[in-house]
Protein chains: 4
Amino acid sequence: MSTWFTEKQTENFGITAKIKRSLHTEKTDFQQLDMLETEEWGNMLVLDDMVMTTQKDEFVYHEMVAHVPLFTHPKPENVLVVGGGDGGVIREVLKHPEVEKATLVEIDGKVIEYSKAYLPEIAGQLEDPRVEVKVADGFMHIAESENEYDVIMVDSTEPVGPAVNLFSRGFYEGIAKALKSDGIFVAQTDNPWFKADLIRQVYRDVKETFPITRVYTANIPTYPSGLWTFTIGSKQHDPLEVPNERFHEIETKYYTKELHQAAFALPKFVKDLTE
Amino acid sequence: MSTWFTEKQTENFGITAKIKRSLHTEKTDFQQLDMLETEEWGNMLVLDDMVMTTQKDEFVYHEMVAHVPLFTHPKPENVLVVGGGDGGVIREVLKHPEVEKATLVEIDGKVIEYSKAYLPEIAGQLEDPRVEVKVADGFMHIAESENEYDVIMVDSTEPVGPAVNLFSRGFYEGIAKALKSDGIFVAQTDNPWFKADLIRQVYRDVKETFPITRVYTANIPTYPSGLWTFTIGSKQHDPLEVPNERFHEIETKYYTKELHQAAFALPKFVKDLTE
Amino acid sequence: MSTWFTEKQTENFGITAKIKRSLHTEKTDFQQLDMLETEEWGNMLVLDDMVMTTQKDEFVYHEMVAHVPLFTHPKPENVLVVGGGDGGVIREVLKHPEVEKATLVEIDGKVIEYSKAYLPEIAGQLEDPRVEVKVADGFMHIAESENEYDVIMVDSTEPVGPAVNLFSRGFYEGIAKALKSDGIFVAQTDNPWFKADLIRQVYRDVKETFPITRVYTANIPTYPSGLWTFTIGSKQHDPLEVPNERFHEIETKYYTKELHQAAFALPKFVKDLTE
Amino acid sequence: MSTWFTEKQTENFGITAKIKRSLHTEKTDFQQLDMLETEEWGNMLVLDDMVMTTQKDEFVYHEMVAHVPLFTHPKPENVLVVGGGDGGVIREVLKHPEVEKATLVEIDGKVIEYSKAYLPEIAGQLEDPRVEVKVADGFMHIAESENEYDVIMVDSTEPVGPAVNLFSRGFYEGIAKALKSDGIFVAQTDNPWFKADLIRQVYRDVKETFPITRVYTANIPTYPSGLWTFTIGSKQHDPLEVPNERFHEIETKYYTKELHQAAFALPKFVKDLTE
């Protein structure tokens with residue numbers, strides 16, 4: 001069947017994937033949600049025409065957003081995930097035995113519902129007793145939290161639609177307040193090929209609030225350009241100075257102890273965005 | 001103008017780029033050659049429907065294929081580039097003052113001709129006095145060389161069409177013979193998302209011939225999956241143990257001394273291909 | 001949602017339609033069956049990647065295949081439809097009060113099943129008491145019939161897959177035998193822009209068997225080139241000499257008494273195929 | 001080379017054609033002009049992303065716009081073509097020996113220039129001594145003409161861009177004034193599948209100005225829906241009552257004397273637009 005989904009990642013460039021069938025399509029209160037069964041990537045969650053995650057490559061994003069800050073923090077007991085309704089970050093968070101509580105605050109309940117239905121190996125841990133799922137506005141949740149979390153992960157869509165507030169300086173200040181005194185946060189911060197200005201701006205904003213600010217990358221083939229950045233803001237702990245004994249064995253497909261370090265070695269043109 | 005070039009990187013997935021115009025199209029003796037002016041990537045060289053290089057992202061490939069082996073070798077005086085008719089690797093090679101001679105052996109003279117015409121900032125150094133350009137079969141050139149080169153770089157297309165011989169064990173043995181006793185070679189070895197078997201096979205083949213075999217990666221947005229691998233075979237010098245004083249300043253947009261090291265920290269699923 | 005179905009009508013040309021969702025996809029015993037909900041055409045039945053019918057333009061094909069032969073025949077009591085599992089031709093046939101029995105012989109029961117489910121206004125008359133539906137091979141059904149039908153309509157896919165036998169001379173001879181002594185048959189015979197040879201061949205083959213052979217056209221926007229031909233073979237009655245009193249009022253959106261005549265005035269390059 | 005031109009004929013539907021190369025691309029003073037070499041249709045002229053004409057199917061449009069009014073008029077000596085810079089209508093006009101003068105008024109000289117260069121068999125008669133080519137605004141030219149022409153043909157793009165004035169009631173009144181007392185005009189009036197309202201509106205407007213108003217159709221595979229309409233306004237001569245002796249032999253690929261008549265037998269849903 002010659003049916004292809006095309007994501008225009010820029011006005012003039014995109015990816016195109018053959019689809020077997022559309023599993024679900026819905027205009028939720030917040031965004032257009034589509035669940036596609038693709039030939040190449042398995043089931044694929046698409047929000048507002050942007051690929052969010054696929055069964056084949058989801059592990060990269062979820063491992064890299066979770067394990068880098070969680071191993072950086074010496075004892076991450078209380079973790080917050082903003083966005084991330086597919087449950088993939090939560091699944092990785094729960095691999096850390098130190099974690100006592102993981103709260104997911106996702107604005108769009110439909111994302112959770114259809115991820116459970118069609119991405120079970122991603123969303124399957126959302127029922128874990130350590131997890132609390134709240135369908136609510138992450139921005140508001142952060143604003144109402146104080147000195148509460150060890151690690152906060154912002155797993156949002158790009159800064160359009162419901163995620164637009166999650167890329168503002170006020171949001172980072174709220175995060176700083178919501179974190180404990182040695183807390184760490186990480187946000188996905190898009191790609192340097194098409195969104196250099198965004199990375200530069202976020203880096204500056206985070207740096208004004210957090211003493212330690214670092215950018216790292218991972219390769220995500222279904223995301224624009226394939227090269228994805230994450231920005232860390234940390235009050236005390238430096239992700240580049242994790243003591244070797246802090247690492248312990250976890251099962252992963254992308255993250256390794258060596259890659260934890262190497263991911264911060266940025267290509268020159270990306271490094272330039274942080275200077 | 002709604003004209004789009006689509007490269008099916010697999011049967012079920014691809015990239016699509018808006019084009020302003022076709023600058024040249026020709027069936028050469030070896031392959032279909034197209035030079036496109038794209039909106040997103042500038043001029044783009046396409047061989048047999050596969051993107052070879054673009055003005056916007058070419059620096060990644062060319063820097064990473066050249067500088068990693070050249071800094072690994074303590075004194076790369078005599079360098080051979082097999083393929084690479086666009087001239088980008090040669091341009092990077094010439095940034096190393098130790099290089100006295102750089103030979104380019106490209107099978108398809110048309111690639112050179114149209115790269116000079118439409119990719120001048122890539123091909124512009126092919127006239128340098130240190131460079132010798134030969135339009136010939138790289139496989140044969142290697143077979144006829146003995147104990148001659150310090151560094152050999154294989155900048156080929158994927159293992160289809162004219163490049164199919166360049167992914168064979170016999171070729172690596174020929175390279176070993178063509179290299180001096182402390183020589184190093186590097187080859188582009190495709191991507192781990194769609195061509196895992198190829199990477200595994202090349203790694204094994206190279207390892208049977210070279211005492212030191214290493215795989216590193218770079219992010220190339222217009223190549224399949226965006227995550228590209230390079231395999232190094234070296235007789236003595238380990239790219240992971242380059243003495244700090246060996247590095248010197250060169251102008252780059254991707255490569256850095258830190259990235260030289262970090263590029264060898266492979267994602268777990270890629271590392272698994274080398275074990 | 002940027003998901004588009006593309007039918008390559010030739011190797012180098014096609015149509016592309018935005019789809020809202022895939023309603024059903026299945027590899028039946030005979031062909032790939034897809035039911036798509038499109039933005040432009042409503043629900044669309046696709047067999048082996050070829051558009052069969054859509055809610056928006058189906059009336060053209062179904063009216064033109066049915067009413068031309070049915071008004072040509074003075075008293076069409078017993079009618080056979082070969083193929084046509086979507087039920088659209090049957091719906092039109094039943095508009096003729098002379099028809100006492102209409103038999104549908106469709107090889108693929110799944111076409112009937114999913115047309116009933118997703119194209120109810122097309123397939124809705126398949127339950128009519130005058131209709132007999134047989135899931136069987138039309139070629140065999142014809143071979144076993146003798147002197148039985150007033151009008152036979154061949155509503156097949158293009159001559160690939162299960163329909164390949166329906167474009168053979170032996171099939172037309174079988175039809176002649178299955179028809180009564182003043183019987184008429186019509187077959188869809190593809191388009192003159194891309195399939196001129198087929199039209200020429202079918203015309204010759206039918207002409208060797210039937211005293212009166214005529215080609216007419218209709219405009220079907222979702223079929224290749226938009227210009228569709230139908231070939232009539234008739235033992236006695238000439239579709240161009242229908243007495244005016246034979247026509248009676250029926251509700252249509254495309255067919256008219258005037259168009260009945262005009263549809264046989266062929267463009268010069270199509271007429272040339274029949275000479 | 002997998003480069004395809006796609007014309008979105010509506011927001012949700014289009015055609016797509018494989019191109020060998022782009023022959024010319026230019027933003028003229030009036031519109032985006034592209035000349036493409038396609039695999040299926042030969043060279044193709046595209047204005048503002050809409051297919052204007054192709055080497056393979058151009059004869060339909062050009063013959064049908066020219067011969068219907070020219071045979072309707074008993075002695076068309078002075079003919080005006082508004083638009084039509086590719087020269088195809090002029091070529092057909094010149095097949096009528098009665099024509100003493102044919103004036104082409106095309107607003108965009110670049111259309112003429114590149115049609116001569118890349119569509120020579122279409123534009124080749126623009127140098128004929130009976131032809132006068134004016135690069136000027138057709139609307140103004142009409143406004144300044146009085147009682148001058150026997151036949152006026154409006155060969156415009158769709159009512160966007162430079163052609164928008166050519167679909168207004170004022171324009172038809174101007175045409176009536178520019179025509180002699182038994183003059184005839186014809187305009188291409190788009191397709192009934194996607195532009196029904198336009199056809200209805202033009203029909204009404206023309207009817208208020210001309211005693212005889214008629215719509216006819218032709219099949220043009222590269223135009224939206226494939227079913228194209230033309231609207232005739234005539235002061236005296238009815239295209240449906242051309243005396244048989246008026247017709248004479250001309251070489252055509254689409255138009256025939258029989259089709260002249262038959263083209264006015266409209267599909268019911270098109271006929272309804274004129275009532």
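Naming: A, B, ... by sequence-line order, numbering from 1 per chain. Heavy atoms only: backbone and side chains are in, while hydrogens, waters and symmetry mates are out. Predicted model only: the values in this text are computed from it and were never measured.
With a threshold of 4.5 angstrom between heavy atoms, C/Val60 approaches chain D through side-chain atoms but not through N, CA, C or O. Neither the backbone nor the side chain of D/Phe264 comes within less than 4.5 Å of any heavy atom in chain C.
Closest approach of D/Pro221 to C/Phe13, counting heavy atoms only: O-CZ, 4.5 Å.
Chain D forms the most heavy-atom pairs under 4.5 Å with one residue out of C/Pro267, C/Ala262, C/Ala263, and that residue is C/Pro267. Per-residue heavy-atom pair counts under 4.5 Å with chain C were compared for D/Gly226, D/Ala218, D/Ala265, and the maximum is reached by D/Ala265.
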Could you show, one pair per line, the donor-acceptor contacts under 3.5 Å between chain C and chain D?
from	atom 1	to	atom 2	distance (Å)
C/Thr10	OG1	D/Glu40	OE1	2.5
C/Asn12	O	D/Lys18	N	3.0
C/Gly14	N	D/Thr16	O	2.9
C/Gly14	O	D/Thr16	N	2.9
C/Thr16	N	D/Gly14	O	2.9
C/Thr16	O	D/Gly14	N	2.9
C/Lys18	N	D/Asn12	O	3.0
C/Glu40	OE1	D/Thr10	OG1	2.5
C/Trp193	NE1	D/Asn219	OD1	3.2
C/Asn219	OD1	D/Trp193	NE1	3.2
C/Asn219	ND2	D/Ser225	O	3.4
C/Ser225	O	D/Asn219	ND2	3.3
C/Lys253	O	D/Phe269	N	2.8
C/Tyr254	O	D/Lys268	N	3.0
C/Lys268	N	D/Tyr254	O	3.0
C/Phe269	N	D/Lys253	O	2.8

